[in-house]
Undergrad: 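After the structure tokens below, expect a handful of questions from me.
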Amino acid sequence: MVLTAVATGMSTYAALRYPGFLAADSQSSPGTATASPELGITDKELSKFNKAFELIRNSYLLQTNRAALMDGAIQGMVESLNDPYSVYKSPEESEAFSDELQGAFTGIGANLSLKQGTIVVESTFKGSPAERAGLLPKDVLLSVNGESLQGLTLSEAVAKIRGPKGTKAKLNVRREGVADPLDLELVRDRIDLVTVHSEMLEDGIGYLAIRKFTFDTSKRVADEIGALEQSGLKALVIDLRDNPGGMVQSVEEVASQLLPKGKSIMQYQYRDGTYQTEVSEPGLSQAKPYPIVVLVNKGSASAAEILAGAMQQSANAVLVGETTYGKGTVQLPFDAELEDGSIMKLTVSKWLLPDGTWINGKGISPDVPVVQPDYFMATQLPRDAAMKLDDAGPPIANLQAVLEGVGFPADRHDGYFSQATQDALEAFQKHEGLPVTGIADTATSQRLEEVLNDHLQQKEYDKQLVTALAQAHNLIDADK
């Protein structure tokens with residue numbers, strides 16, 4: 001979903017019209033072969049629309065806005081498709097679409113979507129306010145600054161979430177498996193998304209993180225891989241975790257830099273039942289001379305899954321982490337057709353793995369499953385009430401996860417503030433030069449979060465990355 005306040009929610013955008021995509025007058029769903037012979041709206045349908053339009057204009061209690069009524073009518077048609085990835089954006093909203101594809105946006109740094117009338121977090125961007133506050137995939141946003149988000153359209157919810165840089169967004173969040181809603185406080189910011197980052201790690205293992213597939217991602221990947229290879233690259237770890245997708249043309253260009261010429265990247269299946277296989281072009285004259293390991297998690301979606309699947313099936317790369325999100329459709333943005341600056345983004349095809357598997361709703365399973373420690377899912381600690389001995393509940397379980405993440409684990413993780421939990425907290429307070437009270441007050445909670453955030457940036461705390469590096473070492477040794 002294209003948002004100004006947040007980033008794209010698990011979308012793969014097609015940059016071109018692909019063969020097999022039928023004309024806009026077809027009324028069948030993607031993957032079927034039937035089409036309506038009627039072009040446009042019939043006279044009878046147009047008459048009904050005009051009557052409804054005039055009834056609202058002339059009989060509704062309050063004054064109406066003509067443009068808003070038209071936008072609402074189009075949005076209603078798109079919503080009737082029951083496809084969370086097909087959306088309509090008014091001229092005012094469509095500018096955010098262009099910004100998002102360019103890799104820049106303002107807001108909290110989360111990918112959101114609308115599911116069954118609720119605003120759902122799909123993933124967060126590394127270093128964003130959303131990540132620092134502990135938002136997780138599948139979190140449901142109930143309200144912002146006391147204003148309910150229930151029953152709103154995605155655009156309406158975004159209008160409440162967004163705001164000037166530096167202002168606060170107090171979110172009330174429902175999390176799966178947690179009885180009571182969580183309260184998180186975020187500070188809005190402008191996020192210039194760095195889509196590609198690389199560094200050379202120990203023993204010639206290169207690390208390449210791709211956060212999103214935008215217009216310039218393939219060029220950045222080429223530059224970063226070239227620099228790593230010049231430095232004596234022996235194995236490559238590609239990190240696609242929490243990558244929500246992006247442009248399909250971009251991911252195809254990236255895959256072509258990593259696969260031999262003619263190797264399958266993915267397949268398209270269109271509404272008329274036809275298939276098209278995309279292969280690496282121009283591709284490499286031969287396979288890369290070093291092994292490749294790919295990191296994925298449940299926030300790896302869409303275009304990120306295309307690359308992960310292509311690397312797994314066409315380059316014998318090893319996938320490490322968690323089962324991916326499972327989004328197997330491609331959207332095409334239509335703007336010229338609407339002529340007023342608005343955009344309609346419609347699902348136009350399925351995409352399949354090189355072997356023909358459709359991963360929609362299932363995801364791609366890693367070769368080496370690794371789940372992160374609980375402290376990777378920790379959220380903000382409460383500021384309105386101190387936590388102390390014999391307290392119980394989800395906030396205590398969250399505190400215990402944080403204590404483990406900062407290196408002072410308690411004896412349990414079940415949400416009961418035991419004596420051992422107090423001992424661990426006192427040890428942390430002593431280590432950090434805080435008053436040793438055994439109570440998680442505001443100052444202690446603040447410091448706990450600061451130390452945890454610092455630890456989460458260190459590679460040794462990242463269990464999935466540590467495992468990926470071990471796999472890379474093993475593959476290097478196997479090639480000797």
Undergrad: For Ala110, does its backbone N or O pair with a side-chain atom of Thr124 as donor and acceptor, under 3.5 Å?
TA: no
Undergrad: Quick test of your reading of the model: are Glu305 and Lys327 salt-bridged, counting only N-O distances below 4.0 Å?
TA: no
Undergrad: Do the side chain of Ser300 and the main chain of Leu240 share a donor and acceptor less than 3.5 angstrom apart?
TA: yes
Undergrad: Short question: side chain of Glu281, backbone of Ser256 - any donor-acceptor pair under 3.5 Å?
TA: no
Undergrad: Between the side chain of Gln75 and the main-chain N/O of Tyr88, is any donor-acceptor distance below 3.5 Å?
TA: no
Undergrad: What pairs with Lys138 under side chain to side chain donor-acceptor pair (under 3.5 Å), at least two apart in sequence or on another chain?
TA: none
Undergrad: Mind running side-chain hydrogen bond (donor to acceptor under 3.5 Å, both in side chains) on Gln464 and Glu322 for me, showing each step along the way?
TA: CA-CA 9 Å; Gln464 291 173 342; Glu322 301 166 277; 3.2 Å; yes
Undergrad: Roughly how far, to the nearest 0.5 Å, is the CE atom of Met247 from the CZ atom of Phe215?
TA: 4.0 Å
Undergrad: NZ of Lys288: more than 12 outside heavy atoms within 6.0 angstrom?
TA: yes
Undergrad: Decide yes or no on salt bridge (Lys or Arg N to Asp or Glu O under 4.0 Å) for Asp462 and Arg241, but give the supporting numbers first.
TA: CA-CA 12 Å; Asp462 187 340; Arg241 292 176 297 177; 2.8 Å; yes
Undergrad: Starting at CG of Asp239, measure out to NE2 of His197 and round the result to the nearest 0.5 Å.
TA: 9.5 Å
Undergrad: Roughly how far, to the nearest 0.5 Å, is CZ of Arg211 from OG1 of Thr214?
TA: 13.5 Å
Undergrad: Answer with yes or no whether the side chains of Asp454 and Gln458 bring together a donor and an acceptor at under 3.5 Å.
TA: yes
Undergrad: May I ask you to test the Val144-Asn172 pair for a side-chain heavy-atom distance under 4.5 Å?
TA: no
Undergrad: Ignoring hydrogens and angles, tell me if any N or O in the side chain of Ser314 forms a donor-acceptor pair with the backbone of Ser264 under 3.5 Å.
TA: yes
Undergrad: What pairs of residues pass the ring-ring contact (aromatic ring centres under 6.0 Å, His included) test when at least one of them lies in residues 352-376, not counting sequence neighbours?
TA: none
Undergrad: Test Gln276 against Glu278 for side-chain hydrogen bond (donor to acceptor under 3.5 Å, both in side chains), laying out the working first.
TA: CA-CA 7 Å; Gln276 175 185 333; Glu278 289 295 317; 2.4 Å; yes
Undergrad: Does the side-chain hydrogen bond (donor to acceptor under 3.5 Å, both in side chains) test come out yes or no for Ser250 and Glu252, once each step is laid out?
TA: CA-CA 5 Å; Ser250 176; Glu252 289 174 2; over 6 Å; no
Undergrad: Sequence neighbours excluded, which residues qualify as side chain to side chain donor-acceptor pair (under 3.5 Å) partners of Gln380?
TA: none
Undergrad: Among Asn398, Asp139, Asp183, whose side chain to side chain donor-acceptor pair (under 3.5 Å) with Thr379 holds?
TA: Asn398
Undergrad: Which distance, rounded to the nearest 0.5 Å, do you find between the CD of Glu253 and the CZ of Phe213?
TA: 11.0 Å
Undergrad: For Leu346, is there any backbone N or O sitting under 3.5 Å from a side-chain donor or acceptor partner on Gln331?
TA: no
Undergrad: Is there a donor-acceptor pair closer than 3.5 Å between any side-chain N or O of Gln257 and the backbone N or O of Ser218?
TA: yes
Undergrad: Salt bridge check: are Lys212 and Asp242 linked by an N-O gap of less than 4.0 Å?
TA: no
Undergrad: Check this for me: Glu202, atom CD, are more than 12 non-hydrogen atoms of other residues, nucleotides or ligands nearer than 6.0 Å?
TA: yes
Undergrad: Is Lys234 paired with Glu229 through a side-chain N to carboxylate O contact shorter than 4.0 Å?
TA: no
Undergrad: Would one find more than 12 heavy atoms of other residues, nucleotides or ligands at under 6.0 Å from atom CD of Gln230?
TA: no
Undergrad: Apply salt bridge (Lys or Arg N to Asp or Glu O under 4.0 Å) to residues Lys459 and Glu199 and explain how you reach the verdict.
TA: CA-CA 12 Å; Lys459 296 178 179 60; Glu199 58 182 298; 3.3 Å; yes
Undergrad: Once rounded to the nearest 0.5 Å, what's the spacing between atom CZ of Arg174 and atom OG of Ser143?
TA: 11.5 Å
Undergrad: Strictly distance-based, threshold 3.5 Å: is any side-chain N or O of Ser342 a donor or acceptor partner for the main-chain N or O of Leu338?
TA: no
Undergrad: Could you check whether any side-chain heavy atom of Leu136 comes within less than 4.5 Å of a side-chain heavy atom of Val121, counting everything from C-beta outward?
TA: no
Undergrad: Side chains of Ile238 and Ile210, heavy atoms from C-beta outward: is any pair under 4.5 Å?
TA: yes
Undergrad: Return the CE to CG distance between Met266 and Leu352, rounded to the nearest 0.5 Å.
TA: 8.0 Å
Undergrad: Quick one: does Gln372's side chain have a donor or acceptor within less than 3.5 Å of a partner on Lys463's backbone?
TA: yes
Undergrad: Is there a donor-acceptor contact under 3.5 Å linking the side chains of Thr42 and Glu45?
TA: yes
Undergrad: Main chain of Gly415, side chain of Gln400: is a donor-acceptor contact present, judged purely on distance under 3.5 Å?
TA: yes
